[in-house]
Each structure stands twice: as structure tokens, then as C-alpha cells.
Amino acid sequence: MLVEVKNLSYVYSEKTPFEKQALKDVSFVVDEGQSVGIVGATGSGKSTLVQHLNGLIRLKNGKITVLDIDLSAKKPDLKALRKGIGMLFQYPEYQLFADTVASDVMFGPLNFGFSKTEAEEAARRAVNMVGMDYDSVKDRSPLELSGGQKRRIAIAGVLAYRPKILILDEPTAGLDPAGKREMLSLIASLKGEEISTVITVSHNMDEIAEFSQRVLVMNNGKLLYDTTPSELFYRLDVEALGLSLPHTVRIVRLLKEKNIILPEVLTEKDLVAALLAYAGGRNA
Amino acid sequence: MRDVAFGQFYPADSFVHKLDPRTKLLAGIVYIVAVFLCTSYYSYLACFLFLVISIIVSRIPIRSVLKTVKAVLFIIIITVVINILFYSDGKVLWSWWKLTITEQGLIFASKMAMRLLFLVLSTSLITLTTTPMNLTDGLESLLTPLKWIKFPVHDVAIIMSIALRFIPSFMEEIDKIMMAQKARGASFDTGGLIKRAKALLPILIPLFVSAFRRADELAMALDARCYNATPNRTKMKKLTFTGRDVVAWVLTAAFLAIIIMLRTGFFGLL
């Protein structure tokens, strides 16, 4: 059990007219090796939930245990927690600050007690891992890179200290279709080799259909469903929750109306395979 | 960051909230003048009562109002301490080296503290009860006479409202950047002064970058819609005085009259 959340509730700006209940009695468990999607309409509490996981929001009601660190303790070891659970925020490129790419990527490792040479080595590894050439970018200013490159560097800045769990908050927001595709295949490749457990917050359902084995559906601060993507997109009423369907599922549905019955696929690859199989079956 | 209340609008349905912003601004100026006219303890008492009554009528919880003092408490304390230690007239109560505490000094310092406190509380009461939009509209309207001397009143008003409009956005931005850097292991509350100041760089640089980006985008959006500060732009919400404002003027005038009379000893009648 890597992450355990029990009866978590949270209220923003308590006792002021801005008071807002963001989370209501949320409980779930994430095991090692899972890739979990958290979905929900804007304001459903997704971001508040994940910010609790690495102690950015102080736990008030409920119990959270992450990597054997009890967050309800009086002084949880936040450094160890944050080293173990990397968090990539929405538009992570806006957090870049250092004068060179190298020192920006080394910021995390140095904060977590790496030595200078270890940090440099970690930075080289992380930058190469996100598909950029360390030696050619290390001395450039992060601000002169393109949007997609900046985001890669920001990801490298998190990967550099080798977290066990990676939390991604809307990793493809604001990217063009090509950039989105690149980002998604990058995340997919990381999931296998580098990081065992990935938690993705998104309202892009294509992303969820493509990568998650499990989906948590948030609605008005409550955990509505804890289910699989195929269950969610093929059995449950997704649109009533203010969410859209992934394109793959939409195509399967449209074909069903034309009496072309395909298996319940989620990923693009499976859809193409199913279509080819269907076409092949008709020709034979 | 969310807890910084200084100058933030606090929504409520009250007499003070519904007043015309011009009334509140003028009353604020009158109050500040009155505070500086104060000499006797009675006049300070009058200022205190006027303020407390205004706060009660505004239906803003005392806690939220007092929060605004927190930001300047340090300045007030420093002022008081310096005034106490270096005021040398009057009956000496305690002295050491060049430092003396005198009876006069204590009185002077306490009055000084009250003045500062009243100034901060009264101005923050205005911003707590008035939306930034209303405040700039009111200011623009009050400054209109300056158009006679070719002062660009509207431009100044729009600059002000843009600046005010962006304060909450930047607070949110700072919040986000801080979280992102904390997630990367940054800590902002450990170490000595220099270490802490250095720790702020990873927040300040992204903040400035984003401020410039937003400014660029806003300027472009204004240009794209052919915005210019032409004279005689019409307003969506016109400011109008109501009976409430008249009541507020009369009360403020009465208050000012009391302060002046206390200062002059009721024109020698007392």
C-alpha cells in the first residue's frame, strides 16, 4: 500500500464568507504499480485531493499515509515525503526560475540532500530521459526554450530526484495536439522503466482511457466512483458528471448505431486493431 | 497567502457596503484629518467610538478587521518604542545612558500609536467594504475636476483598477508557485535571514516572468479591442448618491465638528 486516504475532508477559508467545502469524506488506497486517473469537473476537488498527498495542504480531517509516512502526525517528515512523491503541477513550465537549465533541474536534488556531483549526474539522467540532449541545453536559459521543451525540463526537474510516485496535474493542458501526443508517450515510457506508480489528474478523457488502469471520479468534493476506465466509459453515465467521452469510445458508440459491433476498446491502438479485425472478418 | 486580508473586499450586506464609494472616500479623508486634529484624550475617544460604530454597522467580523493591523503592527511597535526612548521632555521616570523614559514620552507615544492604529483601521474599513471596481470609479469621479488642468484622470483610474484587479491573481500565482517549489523540496521558513531571502528567488522570478507575460497579454487584448481612454466613455454602473449617503455626510460632519470643538475647547466655553 503506497497511498492510503481515509475519511479525508477539507474546507477552504473556514469561517469566512468565502468558505467552501472542497472534499467530503474521501477514502481510497493506491497500491504499487498502479496507474490511477483522477477525473471530475472543474471545482470537484481533484487538485485539492492531490495537494494533500504530498503535504502541500495541511491535513485537517481524516487520515493519510503515503510511503509509510503518517500525515496526521504532528510533524510529518515532509522532506522525505516530497522526495518520494514527485508532483508536477499544471503548466509546470511557469515554475522554472534558474538562469540555466542545469541549475533548474538540480534544484530539487540539491534540496533533497544530493551532493553537487550527484545532483549534476541526476540532472543529466533526467534531462536525457525526457528526450533532450543534456550537454546542448544545460547552459541555456530555461526561458528561451519553446513551450514543449520548457515543460520537458520541468518534468526533468521532478524526475531528477527519482520519486517513487509521480503525480501529474493536467500534464497536457495548453499543448498543441502534437505536443500532447509527445507528452503522453513520454509519460507512458516513464511509467514502465522509471516510476512504478503514476497518479494523473485530468479532464482530458483520452488521456485517462489511454493510460489508467483505474479511475477515481470526483464530484462536488466526494469520491463518486472508484472503477476501471471501461466500466466508467461503457457502463456509467459520464456525461451527467460534466465529463466527456474519449474519442475511441465515441467512435465505438457511433459504429454501434450503424450496427457495427466492436469490442469495448479504450486505447487508439486497440481501436485500430479492432477495426482491422472487423474489416478482415467481413472480407473473409 | 490566502489569509492576508489587507485591502481585500469582504462581501456583506450592510449600510456601509451600500454607501456610494465617493462618500466613503470623502468620509475617510475627513476622518484622517480629524485624527490629526486630535489633542486631548476625549477627542481620541471620539475617534475610537466613530470607528467602532462604523465597524459594527459594516457587519464585518472584528477578527477580519483586526487582521489588517497585523501587517503594520511591527511599524507601530517600532514607532512607539522609539518615541518612548527618545522623547526627553517632561518628568523623567527612568533613564540609562542616552535613553530616557518620561511621562510626556509615554503619553506622546500612546497617542502616536492610537493615531497609526486609527489610520490603518479606517482605510482598511473602506477597502473591506468597497469592491476595487467601485473604489476606482469613486476615485475617478472625485478627481474629475483635475481634468481642467489636463490631468489624465481616466487613464490613472484605469491603471489603478488594473493594478487592484491583479493583486488577487498574483496572490493565487504566488500560492501556486510556492506549492510547486515546495514540492521540489524548497523550504521558506528555515535558516537565517540571508538563506530565507535567497529561498524567495524561486518564487519571485517566476512571479515576475508571469507578471510581464500577463501585462503583455492584457495590453494586446486592450489593443485588439481598440481600447483607448477617450473622453466621455459611458459607465455600466453609474454612481448615484442616495438618502443613505446624506445620513453618512451628516454624521461625518457632526463628528468633525465635535473634534474641532474639543480641540478649541468648545470655543472657550469650557
Side-chain angles (χ1 to χ4, degrees), chain A residues 12-18 20 47-48 50-57 78-99 103-114 119 141-143 150 154-161 163 166-169, chain B residues 1-5 8-14 17 58-67 128-129 131 168-191 195 198-214 216-217:
Chain A
Y12 272 117
S13 306
E14 219 166 347
K15 288 176 202 143
T16 73
F18 308 103
K20 188 177 172 291
S47 296
T48 314
V50 292
Q51 281 163 15
H52 269 96
L53 294 185
N54 69 347
L56 291 172
I57 296 180
L78 289 178
K79 273 248 151 113
L81 173 74
R82 287 174 186 159
K83 184 177 180 304
I85 184 160
M87 175 135 183
L88 199 74
F89 280 83
Q90 252 181 74
Y91 297 102
E93 56 272 29
Y94 295 157
Q95 73 185 34
L96 299 174
F97 70 95
D99 46 354
S103 56
D104 206 293
V105 177
M106 281 157 68
F107 180 68
L110 288 175
N111 282 330
F112 290 120
F114 285 46
S141 159
L143 298 179
K150 273 187 208 164
I155 294 178
V158 173
L159 292 177
Y161 48 90
L166 187 62
I167 300 180
L168 302 160
D169 192 352
Chain B
M1 279 322 272
R2 271 180 241 275
D3 292 333
V4 180
Q8 235 177 38
F9 178 62
Y10 189 103
D13 183 29
S14 80
H17 282 76
S58 75
R59 292 202 187 148
I60 294 177
I62 278 291
R63 219 163 48 98
S64 301
V65 182
L66 288 182
K67 248 188 199 169
L128 280 167
T129 57
T131 60
S169 304
F170 286 137
M171 302 253 262
E172 219 171 89
E173 193 95 21
I174 292 172
D175 218 35
K176 272 194 208 158
I177 298 169
M178 270 178 95
M179 280 203 187
Q181 310 298 27
K182 270 189 196 165
R184 291 208 277 165
S187 56
F188 304 112
D189 36 23
T190 53
K195 203 173 163 206
K198 257 189 168 169
L200 285 180
L201 273 185
I203 299 174
L204 290 180
I205 292 173
L207 181 69
F208 273 91
V209 171
S210 108
F212 279 111
R213 195 186 62 244
R214 274 170 195 262
D216 260 352
E217 281 167 6

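Convention: sequence-line order gives letters A, B, ...; per-chain numbering from 1. All values derive from a computational prediction rather than experimental measurement.
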**Q** Could you tell me whether a side-chain N or O of B/Gln181 sits under 3.5 Å from a main-chain N or O of A/Gln95, the two making a donor and an acceptor?
**A**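 Yes.
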
**Q** To the nearest 0.5 Å, what is the distance between CG on A/Asp99 and CD1 on B/Ile205?
**A** 7.5 Å

**Q** Looking at A/Asn111 and B/Gly185, what are the two nearest heavy atoms and their distance?
**A**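 Taking A/Asn111 first and B/Gly185 second, the nearest heavy atoms are CB-O, 3.4 Å.
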
**Q** Check whether more than 12 heavy atoms from other residues, nucleotides or ligands sit under 6.0 Å from atom NZ of B/Lys198, and answer yes or no.
**A** no

**Q** What part of A/Lys83 gets within 4.5 angstrom of chain B, counting heavy atoms only: side chain, backbone, both, or neither?
**A** neither

**Q** Which residues pass the ring pair (Phe, Tyr, Trp, His ring centres under 6.0 Å) test with A/Phe97, not counting sequence neighbours?
**A** A/Phe107

**Q** With a 4.5 Å heavy-atom cut-off, do B/Val209 and A/Glu93 have their side chains touching?
**A**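 A side-chain contact under 4.5 Å is absent here.
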
**Q** If you count every heavy atom of other residues, nucleotides or ligands that lies below 6.0 Å from B/Arg214 atom CZ, does the total exceed 12?
**A** yes

**Q** Partners of B/Tyr10 by ring pair (Phe, Tyr, Trp, His ring centres under 6.0 Å), sequence neighbours excluded?
**A** none

**Q** Looking at B/Ala183 and A/Phe112, what are the two nearest heavy atoms and their distance?
**A** O-CZ, 3.9 Å

**Q** Which heavy atom of B/Arg184 sits nearest to which heavy atom of A/Gly157, and what is that distance?
**A**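 Taking B/Arg184 first and A/Gly157 second, the nearest heavy atoms are CD-O, 3.9 Å.
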
**Q** For a 4.5 angstrom cut-off between non-hydrogen side-chain atoms, does B/Arg213 reach A/Tyr94?
**A** yes

**Q** Does any heavy atom of chain B fall under 4.5 Å from the side chain of A/Leu81, the backbone, both, or neither of them?
**A**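 When you check distances to chain B, no heavy atom of A/Leu81 falls under 4.5 Å.
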
**Q** Any non-hydrogen side-chain atom of B/Met179 less than 4.5 Å from a side-chain atom of A/Ile57?
**A** yes

**Q** So for atom CZ, which belongs to B/Phe208, do other residues, nucleotides or ligands contribute more than 12 heavy atoms lying within a distance under 6.0 Å?
**A**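 Open.
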
